Amino acid sequence: GSGVKQSNLNNPSFYAYKSSGQTISTNTNTKVTFETELFDSDSKYDNSSNYRFTPGVAGKYYLFANARYPVSTDFENFQMSIRKNNTDVLFMNRKHFHYGSMYIGGMVTSNTTDYFEAFIYQDTGGAINVNGLVVQTYFGGYKIGGA
């Protein structure tokens with residue numbers, strides 16, 4: 001055999017979620033504070049201060065996030081992004097319809113010092129909360145290959 005354990009092939013990996021709602025101000029890109037970890041294989045996700053994934057291992061990663069606004073309000077811009085070192089590397093924008101949610105995911109590259117965070121934006125004209133549920137507002141990722 002190769003000596004590589006199957007369970008370690010996709011590490012570092014993590015999955016964090018909102019366990020309570022978070023207020024998102026209107027017309028403001030807001031970092032989502034995913035404070036509860038379902039798992040964090042190598043302790044590379046900070047769920048208490050900066051809410052970022054810093055893999056520390058160069059390679060290719062699949063990152064994903066989801067958010068849900070539990071409101072019936074329809075509005076023009078429901079945006080979500082995953083940022084690498086505070087620059088968008090994955091971005092989605094669409095209209096929000098009645099109790100809508102948004103998923104974003106894709107492949108990114110990381111060196112040994114890059115970090116990743118998830119942001120959302122809304123333009124209702126007032127503050128609204130995203131849901132705090134493991135199945136509705138989450139952020140995760142895993143290594144898929146070498147540098």
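Worth saying up front: this structure is predicted, and the values here are computed from it rather than measured. Note that the numbering runs from 1 along the sequence shown for the chain.
Asp88 places no side-chain N or O within 3.5 Å of a backbone atom of Phe91 that could act as its donor or acceptor partner. Remark: the backbone N or O of Ile24 is paired with a side-chain donor or acceptor of Gln122 at under 3.5 angstrom. Listed for the Asn131 side chain is no donor-acceptor partner under 3.5 Å among the backbone atoms of Gln136. A donor-acceptor pair is defined here as one N or O able to donate and one able to accept, closer than 3.5 Å; such a pair exists between the side chain of Thr124 and the backbone of Gly126. No donor-acceptor pair under 3.5 Å is formed between the side chain of Thr137 and the backbone N or O of Gly132.
Remark: Asp46 does not engage Arg52 in a salt bridge, criterion side-chain N to carboxylate O under 4.0 Å.
When the side chains of ILVMFWY residues are joined at heavy-atom separations under 4.5 Å, either directly or via intervening members, Met80 and Ile82 end up in a single hydrophobic cluster. The same ILVMFWY cluster, assembled from side-chain heavy atoms under 4.5 Å apart, contains both Met92 and Val89. Under a hydrophobic-cluster definition in which Ile, Leu, Val, Met, Phe, Trp and Tyr are linked whenever side-chain heavy atoms come within less than 4.5 Å, directly or via other members, Phe116 and Tyr142 are assigned to different clusters. Connection of Val135 to Phe39 is established within a shared hydrophobic cluster, with ILVMFWY side chains joined at heavy-atom distances below 4.5 Å, either directly or through further cluster members. A chain of hydrophobic side-chain contacts below 4.5 Å, direct or via other Ile, Leu, Val, Met, Phe, Trp or Tyr residues, connects Phe78 to Val130.
Judged purely by distance below 3.5 Å, without hydrogens or angles, the side chains of Tyr121 and Asn27 pair a donor atom with an acceptor atom. Counted by atom type alone, Thr26 and Asp123 present zero donor-acceptor pairs between their side chains at under 3.5 Å.
To the nearest 0.5 Å, the span separating NZ on Lys84 from CG on Leu63 amounts to 10.0 Å. Taken to the nearest 0.5 Å, the CD1 atom of Ile128 stands 10.5 Å off from the OG atom of Ser25. The line from NZ of Lys44 to CG of Asn11 is 11.0 Å long, rounded to the nearest 0.5 Å. Atoms CG and OG, from Asn10 and Ser41 in turn, are 9.5 Å apart once rounded to the nearest 0.5 Å. How far OG of Ser19 is from CG of Asn47: 9.5 Å, rounded to the nearest 0.5 Å.
Residues Ser110 and Lys143 fail the side-chain proximity criterion, which asks for heavy atoms closer than 4.5 Å. Contact check for Ile120 versus Tyr69: side-chain heavy atoms found under the 4.5 Å cut-off. Contact of the Pro12 side chain with the Val57 side chain is registered, since non-hydrogen atoms from C-beta on lie closer than 4.5 Å. For the pair Asn77 and Arg94, the minimum side-chain heavy-atom distance is 4.5 Å or more. Residues Phe64 and Tyr138 form a side-chain contact, since some pair of their non-hydrogen atoms from C-beta on lies under 4.5 Å apart. Between Lys18 and Thr36 the shortest side-chain heavy-atom distance does not fall below 4.5 Å.
The minimum heavy-atom distance between Ala16 and Phe34, with the atom names listed, is CB-CB, 3.8 Å. The minimum heavy-atom distance linking Pro70 with Asn129 is given by the pair CD-O, 3.2 Å. Across every non-hydrogen atom of Thr54 and Thr113, the tightest pair is CG2-O, 4.3 Å. Between Glu35 and Thr33, the closest heavy-atom pair is OE1-O, 2.7 Å.
Among the candidates Asn85, Asn86, Thr87, the single residue satisfying the side chain to side chain donor-acceptor pair (under 3.5 Å) test with Arg83 is Asn86.
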Report the C-alpha distance between Lys60 and Val108 in whole Å, list the side-chain angles of each, state the deciding distance to 0.1 Å, and finish with yes or no for side-chain contact (heavy atoms from CB on, under 4.5 Å). CA-CA 6 Å; Lys60 295 171 183 66; Val108 299; over 6 Å; no

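Checked against ring-ring contact (aromatic ring centres under 6.0 Å, His included), Phe14 has the following partners two or more places apart in sequence or in another chain: Tyr45, Phe53, Phe139.
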Let me check something: any side-chain donor-acceptor pairs from residues 96-107 under 3.5 Å, sequence neighbours excluded? List them with distances.
| residue | atom | partner | partner atom | Å |
| --- | --- | --- | --- | --- |
| His96 | ND1 | Thr73 | O | 2.8 |
| His96 | NE2 | Gly100 | N | 3.1 |
| Tyr103 | OH | Tyr62 | OH | 3.1 |

